[in-house]
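We name chains A, B, ... by the order of the sequence lines, and we start the count at 1 in each one.
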Number of protein chains: 2
Amino acid sequence: MQTKTVKRRSVRASSPAPLQDERPANDGEGGASDLEIYERIITSIMEHRLPPGTKLGEDKLANIFGASRARVRQVLARLALERVVVLHPNRGAFVAEPTVEDAREVFEVRRPLEALVVRRIIAKKDPAIIARLRAHVEAEEAARAARDRRAIIRLSGEYHILLAELSGNALTARLMHELASLTCLIIFLYDAPSVPACRDQEHSEITQALADRDEATAIRLMTEHLEHVEACLDLSRGRPEELDLEAALAS
Amino acid sequence: MQTKTVKRRSVRASSPAPLQDERPANDGEGGASDLEIYERIITSIMEHRLPPGTKLGEDKLANIFGASRARVRQVLARLALERVVVLHPNRGAFVAEPTVEDAREVFEVRRPLEALVVRRIIAKKDPAIIARLRAHVEAEEAARAARDRRAIIRLSGEYHILLAELSGNALTARLMHELASLTCLIIFLYDAPSVPACRDQEHSEITQALADRDEATAIRLMTEHLEHVEACLDLSRGRPEELDLEAALAS
DNA sequence: TACAGATAAATTGTCAACAAAATTGATGTT
DNA sequence: AACATCAATTTTGTTGACAATTTATCTGTA
């Protein structure tokens with residue numbers, strides 16, 4: 001067993017910009033606030049504790065969080081808008097199962113966006129940014145040392161979210177939050193079960209290039225990084241589910 | 001007066017991908033469906049019939065559309081997620097008033113995304129695409145001939161949405177839908193009242209470059225186009241509202 | 001007259017009950 | 001025994017009412 005969970009929030013890179021002005025935060029007691037419900041669900045999805053295809057029943061979630069069904073419903077609607085869950089009318093909400101096409105589109109959009117982020121980070125010339133990135137990379141290494149695969153994948157995604165946030169473009173940060181969440185789902189769906197051996201210290205190298213303010217190298221490393229991740233996926237055939245089903249039928 | 005409205009839907013470039021599987025469409029009678037409410041509101045916003053800062057009261061909208069408040073609330077939440085409206089807790093929903101910073105960010109993200117779209121369109125080699133683009137450009141010219149400023153701006157935005165949709169990347173299309181809506185708001189907020197004289201036949205030129213499959217020229221034209229639009233804006237000072245207020249206080 | 005406080009109106013936030021639909025399980029027929 | 005039909009349960013969708021907060025109005029005092 002190797003399920004020792006690496007501590008979260010070492011470097012906080014979540015909550016995609018406040019949807020509305022801050023509020024007193026209903027942190028009364030048992031009942032969880034909207035944001036808490038949202039974050040707990042999306043974190044569970046990013047860590048694959050809620051695998052793609054899982055049904056998210058409203059009543060069940062409401063009981064779990066000690067909240068009303070209406071509130072859960074709201075959160076599910078938001079997650080659906082971010083394409084991290086899918087709503088089937090009169091059937092309920094399910095954790096999304098991105099298709100191969102979806103996966104390709106995500107990477108295609110991420111490439112130019114990440115380049116934009118890199119350029120902005122370098123332009124900022126802020127040593128504090130590099131420090132925060134280094135801290136995050138350390139957290140990633142800790143997760144890798146602990147062999148906590150779930151944390152590894154989540155933190156990998158959060159590195160890019162953090163990068164976008166530190167770049168100072170709030171819009172890009174929000175988009176990256178969404179794209180990184182989807183990427184987590186995609187990796188869990190299509191990653192060859194072999195290993196996350198690929199893309200190991202690439203974040204560290206990218207951080208170094210940013211520290212050196214070497215734009216060309218940073219963008220090249222980032223592009224290659226994304227291509228490596230994409231290349232590690234089994235995008236040749238359809239998603240597992242359908243394949244298994246058809247295979248079972250064919251025999 | 002010059003308010004003769006150019007007919008919509010000549011080239012349909014709306015509704016950013018179905019959020020959930022299609023449903024029978026509750027087109028019973030007076031009551032409007034979710035999508036109808038959404039589209040009517042966002043079209044009104046894109047045409048500036050609902051200017052930035054307008055309060056969108058739930059009860060009022062519910063009466064107007066003959067729908068329940070809950071449904072209106074849902075639609076408003078969605079529009080808030082797309083940043084086209086802003087929610088103030090216990091105060092209600094308002095048409096967003098993007099800041100200068102927001103505007104810059106939108107253009108910064110649009111540049112690489114539009115380039116991506118252009119590359120994909122050219123790679124598709126589909127004459128039908130060019131035909132649809134030409135048809136849309138014609139609709140734009142009709143609106144310009146009719147001096148229908150609202151339609152001009154909305155159709156300008158929809159050109160880019162259409163482009164993204166035709167590029168075959170659904171994710172990009174969804175993002176562009178959101179960015180184009182925001183751009184409409186921004187133009188109405190910051191455009192020098194002078195004219196939309198700038199960026200007149202640029203869409204036509206871009207379309208031609210796409211038809212010629214001249215990638216370099218198409219991307220250059222597109223980039224310049226976006227820069228022209230951005231340059232036409234009064235982004236030097238804060239938005240009108242705040243400026244007036246401070247100016248009044250200073251005297 | 002101008003301002004502070006309090007009351008009244010309007011609007012948003014929340015919830016719980018009801019209605020509709022789909023899934024599951026049971027029954028009867030071939 | 002297999003299939004189709006039908007009933008029962010579970011789950012989603014919708015509505016309406018109630019509570020909480022904000023905004024506007026009114027009153028009294030300096």
Below 4.0 angstrom from OP1 or OP2 of dT12(D), is there any side-chain N or O of Lys55(A)?
yes
For the pair made of CG in Leu87(B) and P in dG13(C), what is the distance, rounded to whole Å?
7 Å
Just how far, in rounded Å, is C1' of dT11(C) from NZ of Lys60(B)?
10 Å
Please tabulate, one pair per line, all N/O donor-acceptor pairs under 3.5 Å involving side-chain atoms of residues 50-62 of chain B, not counting sequence neighbours.
| residue | atom | partner | partner atom | Å |
| --- | --- | --- | --- | --- |
| Thr54(B) | OG1 | Pro51(B) | O | 2.5 |
| Lys55(B) | NZ | Arg91(B) | O | 2.9 |
| Glu58(B) | OE1 | Arg69(B) | NE | 3.0 |
| Glu58(B) | OE1 | Arg69(B) | NH2 | 3.4 |
| Glu58(B) | OE1 | Arg73(B) | NH1 | 3.4 |
| Glu58(B) | OE2 | Arg73(B) | NH1 | 2.5 |

Without decimals, in angstroms, what is the distance between Phe94(A) CZ and dT11(D) P?
12 Å
According to side-chain hydrogen bond (donor to acceptor under 3.5 Å, both in side chains), who are the partners of Ser167(A), at least two apart in sequence or on a separate chain?
none
State which residues pass side-chain contact (heavy atoms from CB on, under 4.5 Å) with Ala180(A); sequence neighbours excluded, sorted by chain then number.
Ile161(A)
Report the distance from atom CD of Glu58(B) to atom C1' of dA20(D), rounded to the nearest whole Å.
14 Å
To the nearest Å, give me how far apart CG (Asp34(B)) and C1' (dG13(D)) are.
11 Å
side-chain contact (heavy atoms from CB on, under 4.5 Å) partners of Gln74(B), counting only residues at least two apart
Asp34(B)
Reckon Arg73(B) has a side-chain N or O less than 4.0 Å from the OP1 or OP2 of dT12(C)?
no
N/O contacts under 3.5 Å, protein versus nucleotides 15-25 of chain C?
| residue | atom | partner | partner atom | Å |
| --- | --- | --- | --- | --- |
| dC15(C) | OP2 | Ser68(A) | OG | 2.9 |
| dC15(C) | OP2 | Arg71(A) | NH2 | 3.4 |
| dT23(C) | OP1 | Arg91(A) | NE | 2.8 |

Restricting to side-chain hydrogen bond (donor to acceptor under 3.5 Å, both in side chains), what partner residues turn up for Ser181(B), sequence neighbours left out?
none
Leu179(B) versus Phe107(B): any side-chain heavy-atom pair under 4.5 Å?
no
Between atom CG in Asp59(A) and atom P in dG13(D), what is the gap in whole Å?
12 Å
